[in-house]
Asker: 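Sending over a structure as structure tokens; questions will come in a sec.
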Amino acid sequence: MRLSKYFLVTTKETPADAEVVSHQLMLRAGLVRKLGAGLYTWLPLGLRVLRKVEAVVREEMNRAGALEVLFPPQVPAELWQESGRYEKYGPELLRFKDRHQRDFILGPTHEEVVTDMARRDIRSYKQLPVNFYQIQTKFRDEIRPRFGVMRGREFLMKDAYSFHTDEADLVREYRNMRETYRRIFTRIGIDFRIVKADSGAIGGDRSEEFHVLANSGEDLLAVSDTSDYAANIEAADTSPQGSRPAASAQLEKVATPTQKTCEDVAALLGIPLQSTIKLIVAKGRDGGLVALAVRGDHSLNAVKAEKHPKIAAPFTLASDAEIRAAFGCEPGFLGPVGAKLTVIADHAAAVLADFVCGANEAGFHLRGVNWVRDAAEPESADLRSVVAGDPSPDGQGKLSLVRGIEVGHIFQLGRKYSDAMHLSVLDEAGKELVPEMGCYGIGVSRIVAAVIEQRNDAGGILWPDAIAPFRVIICPIGLDKSAPVKEAVEKLYADLGAAGIDVLLDDRGQRPGSMFADADLIGIPHRIVIGDKGLANAQFEYKRRGAAEAQMIPATVEAVLEKLAA
RNA sequence: CGGGGUGUAGCUCAGCUUGGUAGAGCAUCUGCUUUGGGAGCAGAGGGUCGCAGGUUCGAAUCCUGUCACCCCGACCA
């Protein structure tokens, strides 16, 4: 491609509304343009990158035996009502009515659609296993789109769905996809980490996420410092630690007129936050309320809580009025002593002795509180999020918290959708069999941002070869003045093109400084500079993006190809 | 949805407090010079100051409303 015929729109200045570096560079390098909040146009240069990511994903999915299909993005609401997700998925589901007032959604994911297809066309166990995938724009009515294409209202996703006669075969395909994802992200050239995950709104039993580690990531991950254990904080387990010491302090009521939070109470009493307990009141699965006790320095983890058999899912807090009715006291001074509700304590809160908690009386807390003696022995459960320093659940090392960008997610769905939507096939004995399902997603457009987030410097983007919009850029010095330069440039451009290399020729007649700045900004991995000086010695100058120094190489296409292969 | 902030040229911003005929840099276009890390000189084009009302002789500026965008938060009592 000749730059004079291309559409390259780069800027020196950083757009004011871009917060993270990938968003800034995508705008500066002319990869995307914003249409509205969370909506982006992919310009020619950006689209080349997106298509290259897509190509890697497609090749590896095909190689793994998956079959590409294309579902409509518009889905009749009935399908989602059938699975129960029309109500359950919440306001993120983008809904609309057509001219006949029929309800539709724009698909944020396609489990219902693929299951519907499967129940029509899969009739025999002989057709299994099978794995269908598509690469398509997904729609989500995000609460707050941000960070450019990282969290948009629509984004390009590869979603795959597999069907199996039994769980063992599902596990086999899950591992196959896990390895395929490894290959995809390795080929693309990003550092990633596989982490244990919660399966969230998609549902299912086992799932793992693929994360790109980056400080701007929206997810918190817990990783062990000595083993390869890694989990999303939503799914990182805590286990009971130690045993409860004997009670040694007397129960005592203390005035805390304005201190409603554990932090304030601990500061007032001059005690560590770790010896306070807060009580959180939530809806119970039986329709009543339950009280959850968590140590003052810990945070309740709603994802864990709603999996507890006595706690309602989705996790819902009690209202202030409900709390008053149950405790006879306003929130801020609640405690387990004398509480009439079932109390479930986090493991760490359950082993505390001589702790501080609310007195169930406005303006007062209790100190020297002990389970059993002062409050009924609570059920102990894993209710909190891990914190840095917690022991790793695999028993090896301590956890630290890092940030990650989720670029892939694989699930063993089990029969969640096949049951709900009555998908069944005949087995060898002619009996009905409900297939096991798996699903596997990759955020294709998000990968583009995540790669930039991980690979950039002061000059701009550093694309890995596999997804660079162009692999080589030729920068001629004095193109209009020097016949030898023009001849050498045209020959190399033609030769590289003939060799199947994506090559960009900067024939705009710019000064070297601005050519180099643009080449760096848009992140082309290899740069060839051709000028009279070098040609006098039959040499081109070669520089790898990100390298400190340029080097001279023989002025031949072979020498250039050798550099590209290195 | 709650809180905070911003809307003035394609981009980054000044002007607003104290109302008086719209500004800078970058970008763009033309010409000349220049050609190894975002060149210099000369000239040119480009804005109903987000939108709608109001106050005023007069509004980018003051008032009211509205829309858009950005940031933080949105279960931790």
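Reckoned from all heavy atoms, side chains included, excluding hydrogens, waters and symmetry mates.
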Asker: Regarding A:Val9, tell me which of base, sugar-phosphate or nothing describes its non-hydrogen contacts under 4.0 Å with the strands shown.
Answerer: nothing

Asker: Mind checking salt bridge (charged side-chain N to carboxylate O under 4.0 Å, His left out) for A:Asp297 and listing every partner two or more places apart, or none if nothing turns up?
Answerer: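 So A:Asp297 forms a salt bridge (charged side-chain N to carboxylate O under 4.0 Å, His left out) with A:Arg295.
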
Asker: Checking side-chain polar atoms at under 3.5 Å, does A:Arg544 have a donor or acceptor matched by the opposite partner on A:His526?
Answerer: yes

Asker: Treat primed atoms plus P, OP1 and OP2 as sugar-phosphate and everything else as base, then score nucleotides 33-47 of chain B 5' to 3': B for base contact with protein heavy atoms under 4.0 Å, S for sugar-phosphate contact only, - for none.
Answerer: -BBBBBB--------

Asker: Taking only the C1' atom of each, what is the distance from B:rC63 to B:rA74 in whole angstrom?
Answerer: 33 Å

Asker: Starting at atom CG of A:Leu27, determine the distance to atom C1' of B:rC69, rounded to an integer number of angstrom.
Answerer: 14 Å

Asker: Mark yes or no for whether A:Asn301, through its side chain, and A:Lys304, through its backbone, hold a donor-acceptor pair below 3.5 Å.
Answerer: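 Present.
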
Asker: Under 3.5 Å, is there a donor-acceptor pair linking the side chains of A:His298 and A:Gln274?
Answerer: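 Side chains of A:His298 and A:Gln274: no pair found under 3.5 Å.
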
Asker: Between A:Tyr40 and A:His23, is the ring centroid distance below 6.0 Å?
Answerer: yes

Asker: Quick one: A:Arg33 CZ to B:rC69 P, roughly how many Å, whole number?
Answerer: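 Distance, rounded to whole Å: 18 Å.
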
Asker: Pairing donors with acceptors under 3.5 angstrom, does anything connect the side chains of A:His347 and A:Ser239?
Answerer: no

Asker: Rounded off to whole Å, could you give me the NZ-to-P distance for the A:Lys34 and B:rC69 pair?
Answerer: 7 Å

Asker: Who does B:rC26 pair with, Watson-Crick or G-U, both distances under 3.5 Å?
Answerer: B:rG10

Asker: If B:rU56 has a Watson-Crick or G-U wobble mate with both distances under 3.5 Å, name it; if not, just say none.
Answerer: none

Asker: From CD of A:Gln24 over to P of B:rU12, roughly how many Å is that when rounded to an integer?
Answerer: 12 Å

Asker: What distance, rounded to whole Å, do you find between the two C1' atoms, one in B:rG47 and one in B:rA14?
Answerer: 15 Å

Asker: Over all strands shown, is A:Leu279 touching base, sugar-phosphate only, or nothing at heavy-atom distances under 4.0 angstrom?
Answerer: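 Base, at least one base atom sits under 4.0 Å.
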
Asker: When the distance from CD of A:Glu322 to P of B:rC75 is rounded to whole Å, what number comes out?
Answerer: 17 Å

Asker: Could you tell me whether A:Lys138 sits above the aromatic face of A:Phe155, with NZ or CZ closer than 6.0 angstrom to the six-membered ring centre and within 45 degrees of the axis?
Answerer: no

Asker: Would you kindly give the CD-to-P distance between A:Glu92 and B:rC1, to the nearest whole Å?
Answerer: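 Answer to the nearest Å: 16 Å.
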
Asker: Name the pairing partner of B:rC1, where a pair is Watson-Crick or G-U wobble with both distances under 3.5 Å, or state none.
Answerer: B:rG73

Asker: Please work out if A:Ala305 contacts a base, only the sugar-phosphate, or nothing of the nucleic acid, heavy-atom cut-off 4.0 Å.
Answerer: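 The answer is nothing, as A:Ala305 stays clear of every strand by at least 4.0 Å.
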
Asker: For B:rC16 and B:rU61, measure between their C1' atoms and round to the nearest Å.
Answerer: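 The same atom, C1', in both gives a distance of 4 Å.
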
Asker: Heavy-atom nearest nucleotide on RNA chain B for A:Leu300 versus A:Asp17: which residue maps closer to 5'?
Answerer: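 Counting from the 5' end, the first nearest nucleotide belongs to A:Asp17.
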
Asker: Using atom C1' of each nucleotide, how far apart are B:rG46 and B:rU30 to the nearest Å?
Answerer: 15 Å

Asker: Taking the P atom in each of B:rC49 and B:rA9, what is the distance between them to the nearest angstrom?
Answerer: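 Comparing P positions in B:rC49 and B:rA9 gives a spacing of 10 Å.
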
Asker: What nucleic acid atoms does A:Ala16 come within less than 4.0 Å of, heavy atoms only: base, sugar-phosphate, or nothing?
Answerer: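 A:Ala16: backbone/sugar contact only, no base atoms under 4.0 Å.
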
Asker: Take a 6.0 Å sphere around CD of A:Glu379 and say whether it holds more than 12 heavy atoms from other residues, nucleotides or ligands.
Answerer: yes

Asker: Using a cutoff of under 3.5 Å, can you pull out all pairs of nitrogen or oxygen atoms linking the protein to nucleotides 72-74 of chain B, with atom names and distances?
Answerer:
unit_1: B:rC72; atom_1: OP2; unit_2: A:Arg144; atom_2: NH1; d: 2.8
unit_1: B:rC72; atom_1: OP2; unit_2: A:Arg144; atom_2: NH2; d: 2.4

Asker: Are A:Phe470 and A:Tyr6 close enough that their ring centres sit under 6.0 Å apart?
Answerer: yes

Asker: Using purine N1 to pyrimidine N3 plus N6-O4 or O6-N4 for Watson-Crick, or N1-O2 and O6-N3 for G-U wobble, each under 3.5 Å, what pairs with B:rC32?
Answerer: B:rG40

Asker: Give me the distance, rounded to whole Å, that separates B:rC62 from B:rU6 when you measure between the P atoms they each carry.
Answerer: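 It comes out at 12 Å once rounded to the nearest Å.
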
Asker: Identify, between A:Ser385 and A:Ala18, the residue whose nearest nucleotide on RNA chain B lies closer to the 5' end.
Answerer: A:Ala18

Asker: If we take the P atom in both B:rC26 and B:rA42, what is their distance in whole Å?
Answerer: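 Approximately 12 Å lies between the P atom of B:rC26 and that of B:rA42.
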
Asker: We want to know whether A:Lys563 and A:Gln551 form a side-chain donor-acceptor pair, criterion being a heavy-atom distance below 3.5 angstrom.
Answerer: yes

Asker: Can you tell me how far P of B:rC1 sits from CD of A:Glu142, to the nearest Å?
Answerer: 16 Å

Asker: When you compare B:rU28 with B:rA68, how far apart are their P atoms, in angstrom units rounded to a whole number?
Answerer: 33 Å

Asker: Minimum heavy-atom separation for A:Leu45 to A:Gly30, with atom names?
Answerer: CB-O, 4.0 Å

